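Chain identifiers are assigned alphabetically (A, B, ...) following the order of the sequence lines, protein sequences preceding nucleic acid strands; residue numbering begins at 1 within each chain. Bear in mind the structure is a predicted one, so any value in this text is a computation, not a measurement.
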Amino acid sequence: MSGPAPRQRDRIGGRAIALIDGNSFYCSCERVFDPKLSGVPVIVLSNNDGCAIARTAEAKSLGIKMGDPYFKIRDMCRVKGVRVFSSNYTLYGDMSGRANAVYRDFSPMVEIYSIDESFLDLSDVHPDRRLELGRDLRSTVRAWTGIPTCVGIGPTKTLAKLANHIAKRIAPLDGVCDLTDPAEYEHWLCRIPAGEVWGIGRASLAKLEAMGVDSVADLADLDPRPVRKALTVVGERIIHELRGLSCLPLGALPAQRKGCAVTRSFSTRIEDRATLEQAVSAHATRLGEKLRREGLGTNHVSVFYHTSEHDRGAPMRSVSTTVTLPEATNDTLALIKAARLGVAKTWREPGSRPWRFSKAGIVTTDLMLLDASPRALIGQLDRERSGPLMAAIDACNARFGRGSVVPARAGMEAKRTWSTKFEMRTPRYTTQVGELPIAVAG
DNA sequence: TCTGGGGTCCTAGGACCC
DNA sequence: TCTGGGGTCCTAGGACCC
């Protein structure tokens, strides 16, 4: 088939998917615990207080862009009274869990897509009631968690995302847009630029523009086959999804992850091997925690470290190596050993001008369920001892806070001058008794 | 003139997302 | 002085095999 295909077939009685997400989520979490932040510009910074990664509407209107380096906007923030926070992932993760608990009251199937976005199956809701349910959902989440949200509804995930985008930007919609409604669908698709579609990035947009595509409607009307040539099967799927034909399944269970990485920029440049080994050991420790939480193991660990591309004039060096373990593991001690071996294999003593390393990390890409993984014939690791030991460490850290118990080689031997900066972090209000907010009456 | 034809597996790199 | 971190999916191309 070619030419414009009938869009949005089988809408009535077909599937309805909602995408709900928190508005400026990290900023909104901060606002929940500090009413003085409402109505004023707020931003939250990335790790190391590097870039702005969440901005309230007030901050956006001051011209602060996603990813703006903080050092470039610091003066402006001071002058304009922007409230600036370091990331508080413990708080945001907990607030995310609370929001999802509310979503589950509204839908039999909730797929968590990211820390601030979830897909809800609303297929059982009558088409005439979907808008109303979206509004009810919004106000309930607001009342029970304090987080403002927007809701987009569509027959496919891609259309639900698009509806959410519309709900966010068109004020009279009151935060809810339902594209399962044929009139709304016809109204909006020709008014929204194709670049707003989920999965269309810069490179794809340039190709589509060359094909004469301007609006989402133009994109939906393309013949999928030539699009596949230009944008691969991903682009072809997007067209089908925009026409109401679902290609992206909705599922409650998160797929088992395929890879896991712990990477960090240093708060200051580091030049010596001992500090680098300390850092990768700390990353390996964190990697072990993440893997154990999901019962996963790995037998290849890649270690990298490099100088900064922003340090012009200084010598550049980028190093990466892979260390193979005798069998899959998530044992912190084995991972630290592998990480340090990665440094040992690649470390070069500097000449007259030392390298100034800015970042290091540890990456795995071939995770497997540890219980189902084959054992080594030679060099078997001692799982019988490692398992209980790691479980004990994890339990201590869960109770007394991360880092309460760490292997001696993972950063105890010296001051962690390289550690990531979080100089403006708020308390972990919802997960640490000692950091509960205090209310004063009278 | 034609210079086999499929397979699989792996890796690197691109693109996109939050 | 100061520029985040962590994912997914897809394709092309090489190595290797029968």
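Phosphate proximity of dC2(C) to S267(A): absent, as no side-chain N or O sits under 4.0 Å from OP1 or OP2. For the pair K161(A) and dC18(B), the criterion of a side-chain N or O lying under 4.0 Å from OP1 or OP2 is met.
Residue whose closest nucleotide on DNA chain C sits further toward the 5' end, between R237(A) and R269(A): R269(A). Summary of the strand contacts: F266(A) and V233(A) both lie near DNA chain C, and taking for each the nucleotide with the nearest heavy atom, the more 5' one is attributed to F266(A).
When distances are taken from the side chain of T232(A) to each of dC10(C), dC17(B), dT3(C), the shortest belongs to dC10(C). Checking dG5(C), dG7(C), dT3(C) against every side-chain atom of A261(A), the shortest atom distance belongs to dG7(C). Side-chain proximity of P69(A) to dC16(B), dT3(C), dG5(C): nearest is dT3(C). Of the candidate nucleotides dC9(C), dC2(C), dC18(B), dC2(C) has the atom nearest to the side chain of R356(A). Distance from the side chain of S114(A) is smallest to dC18(B) among dC18(B), dC2(C), dC16(B). Here dA15(B) is the nucleotide among dT8(C), dG7(C), dA15(B) with the atom lying nearest to any side-chain atom of A203(A). Of the candidates dC2(C), dC10(C), dG4(C), the closest approach to any side-chain atom of V234(A) belongs to dC10(C). Checking dG5(C), dC10(C), dC16(B) against every side-chain atom of T263(A), the shortest atom distance belongs to dG5(C).
With a 3.5 Å ceiling on both atom-pair distances, the Watson-Crick or G-U wobble partner of dC16(B) is dG7(C).
What you find for T180(A) and G154(A) is that their closest heavy atoms are CG2-C, 3.4 Å.
Residue R228(A) is classed as having no contact, given no heavy-atom separation below 4.0 Å to the nucleic acid.
For D75(A) and dT1(C), the CG to P distance is 14 Å, given to the nearest whole Å. When the C1' atom of dC2(C) is taken as reference, atom CG of D311(A) falls 11 Å away, rounded to whole Å.
Cation-pi geometry between K157(A) and F119(A) is met: under 6.0 angstrom from the ring centre, within 45 degrees of the axis.
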